[in-house]
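Letters go in sequence order (proteins before strands), and every chain restarts at 1.
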Amino acid sequence: MLKMSQFEYDAIRRHGEETYPHECCGVLLGTLDGQTRAVTKTVRCGNTRSDSPHNRYHIAPQELVRVQRQAREAGLEIVGFYHSHPDHPARWSQTDLAEAHWIGCSYVITSVERGQAKITNSFELAGETEENKHFEDEAVNVAEVAIANESTQ
Amino acid sequence: MKSQNLTKSAKPMKIYIPTPLRQYAAKQDAVVVHASTVGDALSKLTSTHPDLKRHLYTDDGKLRAFVNLYLNDEDVRYLSDKENTSVKEGDHLSIIPSIAGGIATIDSGRN
């Protein structure tokens, strides 16, 4: 299960609206407790796929190095990623699966229709290896209040 | 003088392990190795934690295409000596699997 506050949930959806008709992308930082990933912060990233930003996304690895450092300093972990599907359903594509490599993390997808965020779904990248990885539907629990950063309590 | 199982030029450096690979590195987010080059550091890492090897390398021993290596803030692929680049004490190496995707070539998925 993926838990996040209404604030972070709205931030993800708003990002997709702002970059429409291009795909947005970002990182979910938080804590991992068993099978529950609790998001305490979302980080917007740039989409480097300037050749095809309406249907592809890519986060520069150097930006990921920076985000990972930021997470470490805050006592958080990278627990997932998000991106948008402009004028397309909030379901994973073969491209999403082929290019997903963070097994055990959440991949959140928001459909944005004509500039309006519609459905937001999350999928856990399950499996053990590149050869048997697969996406599994994942419940998203959106809380009214901020998710506490348990690592600092 | 105390005997050490280290090469003379080996320096202590930290390798940061990404979330999905920590289960193969004794659940550590960082591993300290004594190494002289980037390649030596990876070799030490995978000899200490052999389960990491198949996640980082293909069957023919090549680094998987989606695995990015950053020595401090430099992409190892773009360093002139690549994995033969020397390391110094205090350097850190980040292992960062790539993040990409998109709706192009849709042919599956679930709601």
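- The 12-atom threshold is not exceeded at NZ of Lys53(B), counting heavy atoms of other residues, nucleotides or ligands nearer than 6.0 Å.
- The shortest heavy-atom contact between Gly102(B) and Ser93(A) is O-OG, 2.5 Å.
- Taking both residues in full, the closest heavy atoms of Val65(A) and Ser94(B) are given as CG1-OG, 4.2 Å, listed atom of the first, atom of the second, then distance.
- The same ILVMFWY cluster, assembled from side-chain heavy atoms under 4.5 Å apart, contains both Val38(B) and Leu52(B).
- Highest contact tally toward chain B, considering only Arg66(A), His83(A), Glu23(A), is held by Glu23(A) [criterion: heavy-atom pairs under 4.5 Å].
- Within the structure, salt bridge (Lys or Arg N to Asp or Glu O under 4.0 Å) pairs that include any residue of residues 79-97 of chain B comprise Lys88(B)-Asp91(B) (at least two apart or interchain).
- Placement of Met1(A) and Leu32(A) in two distinct hydrophobic clusters is found when ILVMFWY residues are connected by side-chain heavy-atom separations under 4.5 Å, directly or transitively.
- Residue with the most contacts toward chain B among Glu99(A), Arg56(A), His101(A), His58(A): His101(A) (heavy-atom pairs, distance under 4.5 Å).
- Contact between Gln68(A) and Ile96(B) at its shortest, heavy atoms only, is NE2-CD1, 3.6 Å.
- Taking non-hydrogen atoms and a 4.5 Å limit, the residue list of residues 59-70 of chain B in contact with chain A, ordered by number, reads Arg64(B), Phe66(B), Asn68(B), Tyr70(B).
- Glu63(A) does not touch chain B: none of its heavy atoms, backbone or side chain, sits under 4.5 Å away.
- Each of Glu128(A), Arg72(A), Glu130(A) has some count of heavy-atom pairs under 4.5 Å with chain B, and the biggest count is that of Arg72(A).
- Within the 4.5 angstrom heavy-atom criterion, atoms from both the backbone and the side chain of Gln62(A) approach chain B.
- With a threshold of 4.5 angstrom between heavy atoms, Ser98(B) approaches chain A through its backbone and through its side chain.
- Criterion: ILVMFWY side-chain heavy atoms under 4.5 Å apart, direct or through other members. Under it, Leu79(B) and Leu93(B) are part of a common hydrophobic cluster.
- At a heavy-atom separation below 4.5 angstrom, chain A is approached by Arg22(B), Tyr24(B) within residues 21-31 of chain B.
- Here CD1 of Ile103(B) is found 14.5 Å from CD of Gln94(A). Values are rounded to the nearest 0.5 Å.
- Both Leu45(B) and Leu71(B) belong to a single network of hydrophobic side chains, linked directly or stepwise wherever heavy atoms of I, L, V, M, F, W or Y lie under 4.5 Å apart.
- Between Ile99(B) atom CD1 and Trp102(A) atom CH2 the span is 5.5 Å, to the nearest 0.5 Å.
- Residue Arg49(A) does not touch chain B at all, counting heavy-atom pairs closer than 4.5 Å.
- Residue Arg69(A) holds its CZ atom at 4.5 Å from CG of Asp73(B), rounded to the nearest 0.5 Å.
- Residues Cys105(A) and Thr19(B) come closest through the heavy atom pair SG-CB, 4.4 Å.
- Under the 4.5 Å side-chain heavy-atom criterion for ILVMFWY residues, no single connected hydrophobic cluster contains both Ile78(A) and Ile15(B).
- Residues that satisfy the side-chain hydrogen bond (donor to acceptor under 3.5 Å, both in side chains) test with Tyr57(A), not counting sequence neighbours, are absent from this structure.
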